[in-house]
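Note sheet for the following structure.
What you see is a predicted model; the values in this text were computed from it and never measured.
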Amino acid sequence: MNGGDNGDGGSSDSGEGARRLRCLVTGATGYIGGRLVPELLDAGHQVRCLARSPEKLRDYPWAGRAEVVRGDASDAGSVGAAMRDIDVAYYLIHALGTGSGFEETDRKTARIFAEQARAAGVRRIVYLGGLTPDDVPEEELSPHLRSRAEVGRILIESGVPTTMLRAAVIIGSGSASFEMLRYLTERLPVMVTPSWVSTRIQPIAVRDVLRYLVGSATMPDEVNRAFDIGGPDVVTYREMMSRYAAVAKLPHRLILPVPMLTPRLSSHWVGLITPVPASIARPLAESLRYEVICHEHDIARYVPDAPGVPIAFDRALALALERVKDAQVSTRWSSASVPGAPSDPLPTDPDWAGGSLYSDQREQTVDASPQALWRVVEGVGGDNGWYSFPLAWAVRGWLDRFVGGVGLRRGRRDAQRLRVGDPLDFWRVEEIEPGRLLRLRAEMRLPGLAWLEMYAEEDDKGRTRYRQRALFHPHGLLGHAYWWSVSPFHALVFGGMARNITRTAEQRTAKTSGKS
């Protein structure tokens with residue numbers, strides 16, 4: 001890269017004359033990992049990504065430049081295979097939100113990663129963890145921070161030189177922390193807030209996080225330690241909201257702290273107001289109970305700062321808002337699959353295991369070209385809506401949020417374009433054949449597995465045809481009961497969706513023809 005401004009993403013020196021390293025990146029479908037891969041490539045390194053579902057990386061702009069291998073970080077065999085011939089291994093995964101046993105899962109995965117890195121002769125491990133307060137014993141930390149600290153300790157004690165970067169709140173378009181800050185401030189001119197809004201924090205721009213991650217790859221072999229990383233500003237969360245309002249040119253916000261709002265209660269409050277579900281908001285809220293500021297800046301000895309770097313808080317906000325405004329958010333907090341989301345084979349796969357599979361199918365001939373129909377199909381969800389009975393979709397989203405699901409408010413990464421792996425409200429893009437097929441997989445809380453397929457095709461007479469299929473594979477008696485309880489509404493919801501999608505394509509075509 002040329003070192004110029006790249007929104008809130010990242011930039012790194014081209015490293016002329018620097019050693020070309022072979023890097024393994026785990027968590028490449030996640031928020032940080034998806035941004036780190038192109039930074040490493042632009043720095044001249046080779047990159048291999050370990051992913052449970054490599055197809056989710058297929059449509060990333062850098063996909064053709066990196067090697068992608070299938071594997072699970074909890075499987076020693078696949079991790080060992082991915083480690084072969086690797087110089088630097090990036091550990092960017094955690095089991096946050098997978099349930100009460102996430103600490104044990106993190107512990108097991110970190111040990112496998114450490115053991116396989118040592119056995120493969122990896123030169124360095126790089127890990128992004130959480131900034132923890134020095135004056136709080138580890139056993140008294142929130143489970144989230146305690147687990148991140150333990151993972152770092154396992155990696156540092158692995159026998160492989162390890163760089164552990166400890167960051168507090170990361171500010172960048174699409175980060176969970178930024179989305180939480182953004183929606184709280186934009187939606188609530190008057191806020192009754194938890195007491196943690198008065199806690200001091202040292203946020204950091206995602207661009208600086210990426211710069212430190214890339215720079216850590218070339219640290220001397222004797223470096224085996226944690227580094228605190230943060231921006232130049234130490235602020236309270238209350239100040240962060242006020243400064244966000246100023247940067248976003250919003251009216252002044254009135255913020256009223258209420259001590260009785262516990263992290264559990266405040267996480268549900270955050271879940272109601274923002275797209276971030278309570279399962280993710282809770283560890284963020286628990287972390288904000290502690291003062292998390294950097295106590296050293298030793299990282300600059302190995303990754304030197306430049307004028308204006310690290311980036312100031314207000315500048316980081318402005319960069320993030322610019323990326324959101326220009327629809328150039330490359331990854332989001334929701335880029336990674338929701339913990340516990342199904343990984344079973346698709347019903348269209350040859351190795352589908354069978355069993356009950358309910359289906360609702362709709363077909364309509366469309367007085368528009370397949371291309372015009374496809375533009376409507378690819379634009380579904382988010383602010384564009386679902387083209388049928390908005391109240392029904394909204395109620396389903398509210399119910400999902402109530403039971404701890406993701407709800408409808410994840411929206412879209414891009415208003416017009418989709419790629420495999422993109423979150424789309426409470427769906428995820430499972431497959432996309434541009435111009436023909438969009439297959440979505442449900443990530444809402446359901447007693448079974450669900451998909452929604454939409455096709456833009458031509459029939460044997462050359463007419464455009466829209467085909468829509470909703471599929472449901474029930475789990476147990478509850479799953480069967482669920483399908484039959486909602487099936488009376490399918491004509492309204494799915495039938496209306498098919499009619500309105502085709503009508504929209506026809507109306508846009510007629511409007512375009514009228515203008516021409």
Side-chain angles (χ1 to χ4, degrees), residues 1-28 30-49 62 65-66 86-92 117 122-131 152 155-156 160-168 170-172 175 202-232 294-312 315-316 319 330-331:
M1 297 181 70
N2 61 11
D5 196 324
N6 185 30
D8 68 337
S11 63
S12 52
D13 193 290
S14 61
E16 189 173 335
R19 182 184 171 196
R20 180 179 172 88
L21 300 172
R22 293 161 296 188
C23 302
L24 173 69
V25 176
T26 59
Y31 177 70
I32 293 294
R35 297 185 179 212
L36 175 62
V37 171
E39 294 295 311
L40 290 169
L41 290 168
D42 288 339
H45 303 308
Q46 293 177 300
V47 178
R48 177 184 297 158
C49 301
W62 45 261
R65 302 165 59 200
I86 289 297
D87 297 308
V88 182
Y90 284 87
Y91 190 86
L92 302 174
V122 170
R123 189 181 67 78
R124 175 161 300 280
I125 293 172
V126 181
Y127 167 59
L128 178 62
L131 189 57
L155 298 177
I156 287 173
V160 178
T162 295
T163 301
M164 176 183 179
L165 302 179
R166 308 195 312 162
I170 297 176
I171 300 297
S175 77
Q202 192 163 351
I204 182 170
V206 66
R207 182 183 180 129
D208 285 320
V209 173
L210 295 170
R211 183 171 61 86
Y212 290 136
L213 284 168
V214 174
S216 295
T218 54
M219 282 187 176
D221 292 345
E222 64 271 15
V223 177
N224 184 47
R225 55 164 290 189
F227 294 90
D228 293 353
I229 59 172
C294 298
H295 294 282
E296 44 84 9
H297 189 53
D298 296 347
I299 187 73
R301 292 166 51 191
Y302 306 99
V303 188
D305 295 331
V309 177
I311 297 169
R315 175 64 175 153
L319 288 170
S330 57
T331 62

- Task: Compare all side-chain heavy atoms of R211 with those of V303 and state whether any distance is below 4.5 angstrom.
- Result: yes
- Apply side chain to side chain contact (heavy atoms under 4.5 Å, CB included) to P220 and list each qualifying residue two or more places apart in sequence or on a separate chain. E222, V223, Y302
- Query: Is the backbone of L213 close enough, under 3.5 Å, to the side chain of Y90 for a donor and an acceptor to pair up by distance?
  - Reply: yes
- Message: Any side-chain to backbone donor/acceptor pair from S216 onto T163? Under 3.5 Å, distance only.
- Response: no
- Query: Just wondering, do D42 and R65 contact through their side chains at under 4.5 Å, heavy atoms?
  - Reply: yes
- Query: T162 side chain to V160 main-chain N or O, any donor-acceptor pair under 3.5 Å?
  - Reply: yes
- Item | Exercise: identify the closest heavy-atom pair between P232 and A312 | CG-CA, 3.6 Å
- Message: Quick check: closest heavy atoms across A168 and Q202, and the distance to 0.1 Å?
- Response: CB-O, 3.7 Å
- Please step through side-chain contact (heavy atoms from CB on, under 4.5 Å) for the pair V47 and W62, ending with a clear verdict. CA-CA 10 Å; V47 178; W62 45 261; over 6 Å; no
- Query: Salt bridge or not for D87 and R20, using N-O below 4.0 Å?
  - Reply: no
- Do D305 side-chain atoms and A300 backbone N/O form a donor-acceptor pair below 3.5 Å? no
- Task: May I have the step-by-step check of side-chain contact (heavy atoms from CB on, under 4.5 Å) for R301 and I299, ending in yes or no?
- Result: CA-CA 5 Å; R301 292 166 51 191; I299 187 73; over 6 Å; no
- Any donor-acceptor N/O pair, E39 side chain to L210 backbone, under 3.5 Å: no
- List the atom of L40, the atom of C23, and the distance in Å for their closest heavy-atom pair. CD1-CB, 4.2 Å
- Item | Nearest heavy-atom neighbours spanning R166 and G130 | CB-O, 3.7 Å
- What one should report as the nearest heavy-atom pair of L128 and L92 is CB-CD2, 3.9 Å
- Side chain proximity check, H295 to L131, heavy atoms < 4.5 angstrom: no
- Message: Donor-acceptor check, side chain of D208 to backbone of G231, threshold 3.5 angstrom: yes or no?
- Response: no
- With the side chain counted from C-beta on, respond yes when V126 and V88 share a heavy-atom pair under 4.5 Å apart, and no when they do not. yes
- Task: Kindly say whether I170 contributes a backbone atom to a donor-acceptor pair with the side chain of S175 at under 3.5 angstrom?
- Result: yes
- Distance col, row R225:CZ vs E296:CD, nearest 0.5 angstrom, shows 5.0 Å
- Task: Check whether any side-chain heavy atom of L21 lies under 4.5 Å from a side-chain heavy atom of R124, and answer yes or no.
- Result: no
- Non-hydrogen side-chain atoms of Y212 and I204 separated by less than 4.5 Å: yes
- Item | ring-ring contact (aromatic ring centres under 6.0 Å, His included) partners of Y127, counting only residues at least two apart | Y91
- Message: Is the shortest side-chain heavy-atom distance between L319 and I171 below 4.5 Å?
- Response: no
- Note on the structure: Shortest non-hydrogen pair, V37 vs C49, comes out as CG2-SG, 3.8 Å
- Can you check whether A217's main-chain N or O pairs, donor with acceptor, with R123's side chain at less than 3.5 Å? yes
- Which is it for V209 and L165 under the side-chain contact (heavy atoms from CB on, under 4.5 Å) test, yes or no, and what are the steps along the way? CA-CA 9 Å; V209 173; L165 302 179; 5.8 Å; no
- Message: Strictly distance-based, threshold 3.5 Å: is any side-chain N or O of N224 a donor or acceptor partner for the main-chain N or O of I156?
- Response: yes
